[in-house]
Amino acid sequence: MKKYYITTPIYYVNDLPHIGHVFTTVLADYIARSKRNLGYDVYFLTGTDEHGQKAEKTAKQTGITPQELADRVVENYYKLWKQLNISYSDFIRTSESRHKKGAAEFFRIVHHNGDIYKGFYEGWYCVPCELILPESTKEEEACPNCGRIAEKKIKEESYFFRLSNYQERLLEYYRSHPGCIKPESRYNEVMRFVESGLRDLSVSRVSITWGVPVPGDPSHIIYVWFDALSNYITALGWSDNDALFKQYWPANIHLVGKDIVRFHCVYWPAFLMSAGIALPETIFGHGWWMMHSAKMSKTLGNVLKPEPLLKMLGSDPVRYFLLREAPLDTDSEISLESIIGRLNADLANDYGNLVSRTFQMIHKYFGGSLNKKPALDTAENSIINAFYSLKNQMDDYCTNLNLAEIFRQTWNIIYLLNKYIDEKQPWAKFKSPDNRDEVEGILYFICDFIRILSILLYPAMPESSTKLMDIFGIKPEEVTLEKTEYGQLPLGVQVPKSLILFPRLDIKEVLKQYEIE
RNA sequence: UGCGGGGUAGAGCAGUCUGGUAGCUCGUUGGGCUCAUAACCCAAAGGACAUCGGUUCGAAUCCGAUCCCCGCUACCA
């Protein structure tokens with residue numbers, strides 16, 4: 001069985017989950033479910049990054065330990081991922097001992113291989129923020145956190161990773177693996193960046209205590225990226241109980257936001273090279289959701305909160321919108337208006353209404369179940385061919401995250417089915433008793449395609465697909481797209497008289513309700 | 001400053017590599033249908049393809065210049 005290992009970043013517990021976290025995770029879930037649907041043995045990892053200075057500071061201010069803070073915040077993620085039906089295989093927390101053990105071992109090996117040395121970390125220090133600013137040649141430096149000019153320079157002992165030694169090996173690797181960073185624009189960015197020269201990287205801090213101690217020198221704590229990135233292998237039990245590691249590593253895809261592309265595409269491969277571990281196949285850096293042309297931020301107050309959206313719209317519609325309008329190459333605008341517009345057009349009008357009108361005719365004309373299959377002619381065959389053509393390309397589209405094409409073709413099938421009904425006019429044909437067999441066949445054809453759609457759309461909208469599958473007497477875990485063909489709907493299945501899968505949404509109502517939430 | 005991406009109908013995008021009647025979704029307008037969630041189906045309107053110049057029988061597409069917009073430019077999840 002072909003394996004597929006997919007990851008999201010681990011999210012920092014200092015923040016509450018926002019639409020960006022939701023997007024990355026839903027995207028990963030969609031790919032994971034799609035690959036399962038295609039017969040892959042999928043391992044899907046997500047989790048939380050719980051260490052570091054900010055978490056330590058927030059905990060202090062709140063009067064609790066960092067561990068308590070992490071335990072508290074991680075609940076928000078558990079809850080949200082449950083609401084969104086995220087089908088992760090494992091959820092790693094960097095404060096778990098399995099991770100701490102692995103991260104320390106990772107550090108030890110890289111150190112042993114001669115790529116870590118002790119030196120001094122120098123930088124401007126912003127007193128109010130208690131933050132060391134990135135090293136800079138400038139005389140003055142404004143703090144990225146508060147904007148004030150930092151007043152004093154600080155110098156502290158730190159371990160460094162010899163990133164500078166990896167410039168050529170990284171470039172060689174990128175050149176020989178053109179698909180390792182996607183989309184292409186990110187690949188180019190990373191290439192240019194590495195070509196411009198690499199400096200060694202500080203990988204430890206003495207100023208913090210919340211984290212993984214450096215092996216053999218516990219006054220140092222392993223600093224952010226070295227700790228965080230290693231979760232992708234520690235979660236698989238690397239260096240310890242490594243059955244999962246052997247089975248799933250290297251990752252087929254690390255899904256990340258564009259803000260952390262560099263760390264995944266430069267630092268991570270260099271760390272892995274040093275440790276003698278295989279490199280991930282693809283790192284995909286997607287864009288951001290923007291509101292009013294600005295990155296969402298609490299300061300700007302243009303945050304779209306996930307919880308009220310889920311409450312008002314439900315999990316499937318939120319998932320569908322994010323996937324359908326996914327900002328993969330560039331950033332993308334999001335607004336309640338655009339969400340409602342998309343959901344009404346695609347889900348209520350096209351897909352939901354197709355199901356509704358079909359089921360109602362089956363009831364009106366045949367008491368709720370069908371017992372005849374149609375003879376297939378050009379009209380039916382062209383729809384069947386549209387489906388097989390999509391099915392054959394599905395794996396490729398998923399690997400390359402070509403979601404736009406998947407949804408375009410899926411909705412083309414829905415359009416063809418609606419058109420098929422209009423052209424066949426079952427309501428007119430039914431008036432003559434001679435045509436009743438034909439009408440039954442027409443309805444069977446559509447109904448079987450609703451079954452196919454439920455399987456095709458299961459990775460995007462598991463809840464509504466499960467609703468349909470229940471009606472057809474099939475189980476999600478037993479049915480895959482891989483094995484689905486036209487004509488597998490058993491005769492005699494009883495469908496409900498009325499089924500509104502996706503109610504039409506009123507923009508004014510939604511806006512009003514969002515305000516209340 | 002350097003590197004990269006982009007400017008196509010009211011909005012959002014495809015088409016540019018491999019020149020030859022400008023396409024998709026939403027919106028607008030008219031029509032059809034009545035099985036359906038005021039839905040669905042058909043049709044129409046709407047574009048000097050950023051600007052200027054060049055190559056060519058012919059350019060959104062190739063070449064040059066100009067003007068705008070956006071991304072990346074290291075320790076920040």
Side-chain angles (χ1 to χ4, degrees), chain A residues 9-15 20-21 48-55 121 123 131-136 143-145 158 160-161 163 183-203 205 223-226 228-229 256-263 266-267 285 287-288 290 293 324-325 329-333 337-338 341-342 344-365 404 407-408 411-412 414-415 417-430 439 443 446 498-505:
Chain A
I10 46 176
Y11 305 116
Y12 200 51
V13 289
N14 200 45
D15 274 331
H21 300 119
T48 42
D49 179 12
E50 311 193 339
H51 292 141
Q53 172 167 64
K54 270 198 229 163
Y121 179 81
L131 238 143
I132 300 170
L133 275 39
E135 202 173 331
S136 165
C143 172
N145 199 34
S158 170
F160 283 85
F161 173 75
L163 188 61
E184 210 183 327
S185 52
R186 301 289 161 212
Y187 176 88
N188 292 332
E189 274 173 24
V190 171
M191 284 288 281
R192 296 296 92 79
F193 171 73
V194 175
E195 280 168 5
S196 74
L198 295 175
R199 295 207 295 266
D200 288 350
L201 182 73
S202 162
V203 292
R205 285 288 187 278
Y223 195 54
V224 52
W225 291 107
F226 205 93
L229 288 165
V256 301
K258 66 175 185 178
D259 48 335
I260 51 174
V261 161
R262 154 133 359 112
F263 312 116
V266 182
Y267 302 175
W288 280 335
M290 311 286 273
S293 304
R324 176 68 200 238
E325 310 247 311
D329 295 347
T330 54
D331 298 341
S332 185
E333 286 285 324
E337 287 82 353
S338 64
R342 183 97 243 170
N344 277 342
D346 292 4
L347 296 187
N349 297 353
D350 293 346
Y351 181 35
N353 184 51
L354 170 69
V355 173
S356 171
R357 65 197 299 211
T358 304
F359 284 5
Q360 287 192 49
M361 280 191 279
I362 294 172
H363 261 271
K364 200 166 274 188
Y365 305 144
F407 288 114
R408 194 189 65 73
W411 256 259
N412 184 49
I414 291 171
Y415 159 75
L417 288 166
N418 273 319
K419 190 184 168 86
Y420 177 78
I421 297 179
D422 278 47
E423 283 171 357
K424 291 288 182 181
Q425 301 186 15
W427 58 89
K429 285 200 166 84
F430 189 79
V439 172
L443 292 177
I446 303 159
S498 156
L499 179 66
I500 304 294
L501 267 187
F502 308 101
R504 266 187 80 84
L505 303 158

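Letters A, B, ... are given to chains in the order of the sequence lines, protein chains preceding strands, and every chain is numbered from 1. Since this is a predicted model, take the numbers as computed values, not measurements.
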Review point. What distance, rounded to whole Å, do you find between the two P atoms, one in B/G47 and one in B/G2?
Key: 39 Å
Exercise for review: Would you indicate what A/N349 reaches in the nucleic acid, counting non-hydrogen atoms under 4.0 angstrom: base, sugar-phosphate, or nothing?
Suggested key: sugar-phosphate
Practice item. Round to a whole Å and report the spacing from CG of A/L198 to C1' of B/U73. Key: 13 Å
Check your understanding: The side chain of A/F263 lies closest to which of these nucleotides: B/C76, B/A77, B/C26?
Key -> B/C76
Review point. If anything within 90° of 0 is syn and all else is anti, what is B/A11?
Key: anti
**Study point:** B/G58 to B/A50 separation - C1' atoms, rounded to the nearest Å
**Key:** 23 Å
Point to revise | Interatomic distance, A/D49 CG vs B/C76 P [rounded to whole Å] | key: 13 Å
Practice item. Have a look at A/R186 and say if it touches a base, only the backbone sugar-phosphate, or nothing, with a 4.0 Å heavy-atom cut-off. Key: sugar-phosphate
Check your understanding: Out of B/U37, B/G4, B/A77, which nucleotide sits closest to the side chain of A/R192?
Key -> B/G4
Revision key, fill the gap. Considering only heavy side-chain atoms of A/I260, the closest of B/A77, B/C41, B/U37 is B/A77
**Study point:** Whole angstrom value for the distance that separates P of B/U37 from CG of A/L499
**Key:** 12 Å
Practice item. Pick the C1' atom in B/U29 and in B/C62, then give their distance to the nearest Å. Key: 40 Å
**Study point:** Side-chain donor or acceptor of A/D331 paired with backbone N/O of A/W288 under 3.5 Å
**Key:** yes
Review point. Quick one: is A/K419 getting a side-chain N or O under 4.0 Å of the B/C42 phosphate, OP1 or OP2?
Key: yes
Check your understanding: With a cut-off of 6.0 Å (strictly less than), are more than 12 heavy atoms of other residues, nucleotides or ligands near CD of A/E195?
Key -> yes
Review point. Among A/D49, A/I260, A/V266, A/V203, which residue meets the side-chain contact (heavy atoms from CB on, under 4.5 Å) test with A/W225?
Key: A/I260
Practice item. Go through B/A77, B/U37, B/C33 for me and flag the one nearest to the A/A348 side chain. Key: B/U37
Review point. Given the rule in the side chain to side chain contact (heavy atoms under 4.5 Å, CB included) test, do A/D350 and A/F502 qualify, once you have shown the distances and angles that lead to the verdict?
Key: CA-CA 10 Å; A/D350 293 346; A/F502 308 101; over 6 Å; no
Practice item. Report the residue (A/R342 or A/A228) whose heavy-atom-nearest nucleotide on RNA chain B is the more 5′ of the two. Key: A/R342
Review point. Tell me: CH2 of A/W427 to P of B/U34, nearest whole Å?
Key: 7 Å
Check your understanding: Base, sugar-phosphate, or nothing: which does A/W225 touch, judged by heavy atoms less than 4.0 Å apart?
Key -> sugar-phosphate
Point to revise | Sugar-phosphate only, base, or nothing, as touched by A/F502 at under 4.0 Å among non-hydrogen atoms | key: base
**Study point:** B/C70 and B/U34, which share atom name C1', separated by this distance in whole Å
**Key:** 49 Å
Review point. Contact class for A/H51 vs. all strands (heavy atom < 4.0 Å): base, sugar-phosphate, or nothing?
Key: nothing
Exercise for review: Please assess A/I446 against A/M361 for the test side chain to side chain contact (heavy atoms under 4.5 Å, CB included), listing each intermediate value before the final yes or no.
Suggested key: CA-CA 11 Å; A/I446 303 159; A/M361 280 191 279; 5.6 Å; no
Practice item. Classify the side chain of A/R357 and the base of B/C35 as holding, or not holding, a donor-acceptor pair under 3.5 Å. Key: yes
**Study point:** With A/F407 via ring-ring contact (aromatic ring centres under 6.0 Å, His included) - residues at least two apart
**Key:** A/Y30, A/Y320
Study note, to complete from the structure: Among the nucleotides B/A74, B/A77, B/U37, whichever has the atom closest to the side chain of A/H21 is B/A77
Point to revise | Whole-Å distance separating the CH2 atom of A/W411 from the P atom of B/C26 | key: 12 Å
Exercise for review: Using a 4.0 Å heavy-atom cut-off across all strands, classify A/S356 as base, sugar-phosphate, or nothing.
Suggested key: base
Point to revise | Euclidean distance for P, B/C57 against B/C41 (whole angstrom) | key: 47 Å
Practice item. Could you measure between the two C1' atoms, the one in B/U1 and the one in B/C26, and give it in whole Å? Key: 42 Å
Review point. Rounding to a whole Å, what distance do you find between A/D422:CG and B/G31:P?
Key: 18 Å
Practice item. Show your working on side chain to side chain contact (heavy atoms under 4.5 Å, CB included) between A/I421 and A/T358 and close with a plain yes or no. Key: CA-CA 9 Å; A/I421 297 179; A/T358 304; 4.0 Å; yes
Exercise for review: For A/V266, answer base if it contacts any base atom (sugar-phosphate contacts may also be present), sugar-phosphate if it contacts only those atoms, and nothing otherwise; contact means non-hydrogen atoms under 4.0 Å.
Suggested key: nothing
Exercise for review: Look at all strands and tell whether A/G341 reaches a base, only sugar-phosphate, or nothing, counting heavy atoms closer than 4.0 Å.
Suggested key: nothing
Practice item. Look at the aromatic rings of A/F430 and A/Y365 and report parallel, tilted or perpendicular, splitting at 30° and 60°. Key: parallel
Point to revise | Inter-residue atom distance A/L417.CG - A/Y351.OH, 0.5 Å rounding | key: 11.0 Å
Exercise for review: Describe the nucleic acid contact of A/G20 in one word from base, sugar-phosphate, nothing, applying a heavy-atom distance below 4.0 Å.
Suggested key: nothing
Exercise for review: Considering only atom P, compute the distance from B/G10 to B/U28 and round it to an integer number of Å.
Suggested key: 15 Å
Revision key, fill the gap. Taken to the nearest whole Å, CG/A/D350 to P/B/C41 is 6 Å
Study note, to complete from the structure: Output row for RNA chain B, stems defined as at least 3 consecutive Watson-Crick or G-U pairs under 3.5 Å, is B:2-7 with B:67-72, B:10-13 with B:23-26, B:28-32 with B:40-44, B:50-54 with B:62-66
Point to revise | Among B/C76, B/U73, B/C35, the nucleotide that comes nearest once only the side chain of A/Y223 is considered | key: B/C76
Check your understanding: Which whole number of Å gives the distance between the C1' atom of B/A45 and that of B/A9?
Key -> 10 Å
Practice item. Mind checking A/F193 for me? I need base, sugar-phosphate or nothing, with any heavy atom below 4.0 Å counting as a touch. Key: base
Review point. At under 4.0 Å between heavy atoms, what does A/L501 touch on the DNA or RNA strands: base, sugar-phosphate, or nothing?
Key: base
Point to revise | Heavy-atom donor-acceptor pair, A/Y12 side chain to A/H51 backbone, under 3.5 Å | key: yes
Check your understanding: With respect to the phosphate group of B/U73, does any side-chain polar atom (N or O) of A/R262 fall under 4.0 Å of OP1 or OP2?
Key -> yes
Study note, to complete from the structure: Judged by nearest nucleotide, the residue sitting upstream toward the 5' end of RNA chain B, A/A428 or A/A345, is A/A345
Check your understanding: Whole-Å distance between B/C40 C1' and A/N344 CG?
Key -> 15 Å
Check your understanding: How far does CG of A/N412 sit from OH of A/Y415, to the nearest 0.5 angstrom?
Key -> 8.0 Å
Practice item. May I ask you to evaluate whether A/K258 reaches the phosphate of B/G71, defined as a side-chain N or O under 4.0 Å from OP1 or OP2? Key: no
Check your understanding: Would A/E189 and A/V261 count as a side chain to side chain contact (heavy atoms under 4.5 Å, CB included) if you check the C-alpha gap in whole Å, the side-chain angles of each, and the deciding distance to 0.1 Å?
Key -> CA-CA 10 Å; A/E189 274 173 24; A/V261 161; 5.6 Å; no
Practice item. Tell me what A/N412 touches on the nucleic acid: a base, only sugar-phosphate, or nothing, going by heavy atoms under 4.0 Å. Key: nothing
Check your understanding: Is A/Y187 touching bases, backbone alone, or none of the nucleic acid, heavy atoms closer than 4.0 Å?
Key -> nothing
Practice item. Using a cut-off of strictly less than 4.0 Å, decide whether A/Q425 has a side-chain nitrogen or oxygen near OP1 or OP2 of B/G32. Key: no
Revision key, fill the gap. A/E189 has its side chain closest, among B/C26, B/G71, B/C75, to B/G71
